[in-house]
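Chain letters run A, B, ... following the sequence lines, proteins first and then strands; every chain starts at 1. Quick note: numbers below take in every heavy atom, side chains included, and nothing from hydrogens, waters or symmetry partners.
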2 protein chains.
Amino acid sequence: MRSKHVPDESIWQMDDVSDSPSDQGRLAAEKIAEQIQDLIIKQDLAEGERLPAERELARMLSTSRPTVSQAIRILVIRGLVESRRGSGAYVTRRPEAGLAATVNLMVSLNRESVQHLNVLRLALETTGIAQAIECGTEDELDAGAQALEQLRDSVGDTAAWMSADTRFHTTLVRASHNPYLSSIFESVHSTLIDYEYRTWIERGVVPQWLQSSEAAAVTALHEPILQAVVDRDEEAARVAVREHHDVMAQHLAASHE
Amino acid sequence: MRSKHVPDESIWQMDDVSDSPSDQGRLAAEKIAEQIQDLIIKQDLAEGERLPAERELARMLSTSRPTVSQAIRILVIRGLVESRRGSGAYVTRRPEAGLAATVNLMVSLNRESVQHLNVLRLALETTGIAQAIECGTEDELDAGAQALEQLRDSVGDTAAWMSADTRFHTTLVRASHNPYLSSIFESVHSTLIDYEYRTWIERGVVPQWLQSSEAAAVTALHEPILQAVVDRDEEAARVAVREHHDVMAQHLAASHE
DNA sequence: GAGCCTAAGTGGCTAGGCCACTATAGCGCC
DNA sequence: GGCGCTATAGTGGCCTAGCCACTTAGGCTC
């Protein structure tokens, strides 16, 4: 019912002449998506703001509704718009999800090299934790300590342990305040965890290292990481993360034999 | 005219009952896209193979053509399908392109985050080059040396310099033989280069550091990187890459003031 | 005043069709 | 027989028109 007092119709006056020769091969919906995207980037469309209805947008841009619909769905995929059926399309600014999704897809397409993924994980976590030591707040490091407690308590319960493990690592890396690092790391980490979980299921056994004594040993590997973070000791963190990585690498190597 | 002898219609027998409760909130086109994506991942659809026509797919999956079209366009965005007007939709396996696009978008939304992107670049390049020192062949390191020569020769020519710079770094990281590292690094690197290029254009000036003496100084930063790689000296490489990164960081900081 | 209820508005999806473009089979020419 | 051209069927891009499920807000009842 946003009839009277339309806020800023002028914004939607766009160049519909398709003059630019660079737009030659591109699709109509893509061009419209880019125009809207530019408005979002330039903050002419604020976060949370509602876009005009598809029918109205189609009228404004002198195109058809399916084309506008197409454009909006492109923006949804890019994490710039959230479409709510019966309500409207609203501006968001969360493209990070797309990053993680792409990394996940790359792994799915190229499944053989888990070790390579583990190397990537080491690089991201080392840097992430180093940055966390530099910029992380006390609260954030505290959250890491809590996650570690959960990890200790859930030795023996595979699902809970995996969940706590994920929380421990992602919490620390997120404390780096680096969105690129965080989202890629999370996607890589969860892929590795998933991979291990699946190989266990395939073999029908819970791996020894998640049973009693071994689990405690693996859990213990997390202690020096947290300690180094709390002490804000970058070098110690590097070593601790690397040790955790090496043990991981051994397990992964053992898993595909 | 692929009428008689359809290869494998059975593959397209999908569960159209929408039984899975996890698919509840998801859109129809998205579900179809995921089904086709699974076929591509499982290699039931080989690279280069042509998908059935949209009309036929709609019939097979008992849905409408726009929905199928939508699904295919989702896969195009993910880099899993290439759609050729008048010909058909063909399977590809290039999700890396989407990575670069997403990273670009993130930088556009929050230009200050380039510094974070540069940190990611440092992490990836450090690890990539360390791995290259471990596993790279002589030929691959040779290619790096050639790229460095090109870099020296193209001081003064912005476009050529950027191209040679890209080739130098990507060649070395690719020598790690780690596909995840390589493709993510390339996306990050190209985004950073693009960002710098864009800021120059906006200011209407070629930055000083690409003019004569400064350019030579920046180019010189690449020498110790190559030297360390040739010597297979990991520690020296780490230092050299870090120095290159620090200078980058200064330029980036200067760019958004 | 609180709660329900109705109706307008919205995006999701379908149907059917036109157009520009592509690829190929078959024809005619050499 | 080999080659090039053309007619034609097939393709994806786009449009018009419309129905449906869902959301939302305003007004109505109690």
Participant: For B:His169, which of B:Asp165, B:Thr171, B:Thr166 qualifies under side chain to side chain donor-acceptor pair (under 3.5 Å)?
Facilitator: B:Asp165
Participant: Please lay out, stage by stage, how B:Met248 and B:Glu196 fare under the test side-chain contact (heavy atoms from CB on, under 4.5 Å).
Facilitator: CA-CA 10 Å; B:Met248 260 312 250; B:Glu196 289 200 294; 4.0 Å; yes
Participant: Indicate whether OP1 or OP2 belonging to D:dC14 is found under 4.0 Å from a side-chain N or O atom of B:Arg73.
Facilitator: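 Indeed, a polar side-chain atom of B:Arg73 lies that close.
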Participant: Specify the separation, in whole Å, of atom CZ of A:Arg84 and atom C1' of D:dA25.
Facilitator: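 To the nearest whole Å, that distance equals 15 Å.
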Participant: If you only use heavy atoms from C-beta on, which nucleotide in D:dG13, C:dC13, C:dT10 is closest to the side chain of B:Thr67?
Facilitator: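 Given the options D:dG13, C:dC13, C:dT10, the side chain of B:Thr67 is closest to C:dC13.
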Participant: Of the options D:dT11, C:dT14, D:dG13, whose atoms approach the side-chain atoms of B:Ser83 most closely?
Facilitator: D:dG13
Participant: Check the distance between C:dT10's P and A:Glu82's CD and give it to me in whole angstrom.
Facilitator: 18 Å
Participant: In this structure, how many angstroms lie between the P atom of C:dC21 and the CZ atom of B:Arg85, rounded?
Facilitator: 6 Å
Participant: Would you please say whether a donor-acceptor pair under 3.5 Å links the side chains of A:Glu125 and A:His189?
Facilitator: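 No, no side-chain donor-acceptor pair sits under 3.5 Å.
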Participant: In whole angstroms, how far is the C1' atom of C:dG9 from the CG atom of A:Leu51?
Facilitator: 16 Å
Participant: Choose from D:dC15, C:dA15, C:dG12 the nucleotide whose nearest atom is closest to any side-chain atom of A:Ser64.
Facilitator: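 Between D:dC15, C:dA15, C:dG12, the one nearest the side chain of A:Ser64 would be D:dC15.
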Participant: May I ask you to verify whether the side chain of A:Arg65 and the base of C:dG12 hold a donor-acceptor pair under 3.5 Å?
Facilitator: yes
Participant: If you check every side-chain atom of A:Leu27, which of D:dC22, D:dG13, D:dT24 has the closest atom?
Facilitator: D:dG13
Participant: Return the value, rounded to whole Å, for the distance between atom CD of B:Gln70 and atom C1' of C:dC13.
Facilitator: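 Going from B:Gln70 (CD) to C:dC13 (C1'), I get 10 Å.
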Participant: What distance do B:Ile40 atom CD1 and B:Leu45 atom CG have between them, rounded to the nearest 0.5 Å?
Facilitator: 6.0 Å
Participant: Quickly work out the A:Ile72 CD1 to C:dG11 P distance and round it to whole Å.
Facilitator: 6 Å
Participant: Starting at the 5' end of DNA chain D and moving along, which residue's nearest nucleotide shows up first, B:Glu54 or A:Val68?
Facilitator: B:Glu54
Participant: Is the shortest side-chain N/O distance from A:Thr63 to OP1 or OP2 of D:dC14 below 4.0 Å?
Facilitator: no
Participant: Between B:Tyr90 and B:Arg84, is there a cation-pi geometry (under 6.0 Å to ring centre, at most 45° from the normal)?
Facilitator: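 So B:Arg84 does make the cation-pi contact.
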Participant: Got a donor-acceptor pair under 3.5 Å from the side chain of A:Arg55 to the base of C:dG11?
Facilitator: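 Counting by modelled atom types and ignoring angles, a donor-acceptor contact under 3.5 Å is found here.
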Participant: Round to the nearest Å and state the distance from B:Arg59 atom CZ to C:dT14 atom C1'.
Facilitator: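 Atom CZ in B:Arg59 sits about 17 Å away from atom C1' in C:dT14.
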Participant: Mind calculating the distance between CG (B:Leu57) and C1' (D:dG12) to the nearest angstrom?
Facilitator: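 In whole Å, D:dG12 C1' and B:Leu57 CG are 13 Å from each other.
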Participant: Would you tell me if any nitrogen or oxygen in the side chain of B:Ser87 comes within less than 4.0 Å of OP1 or OP2 on C:dT22?
Facilitator: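 Looking at the OP1 and OP2 atoms of C:dT22, neither is under 4.0 Å from any side-chain N or O of B:Ser87.
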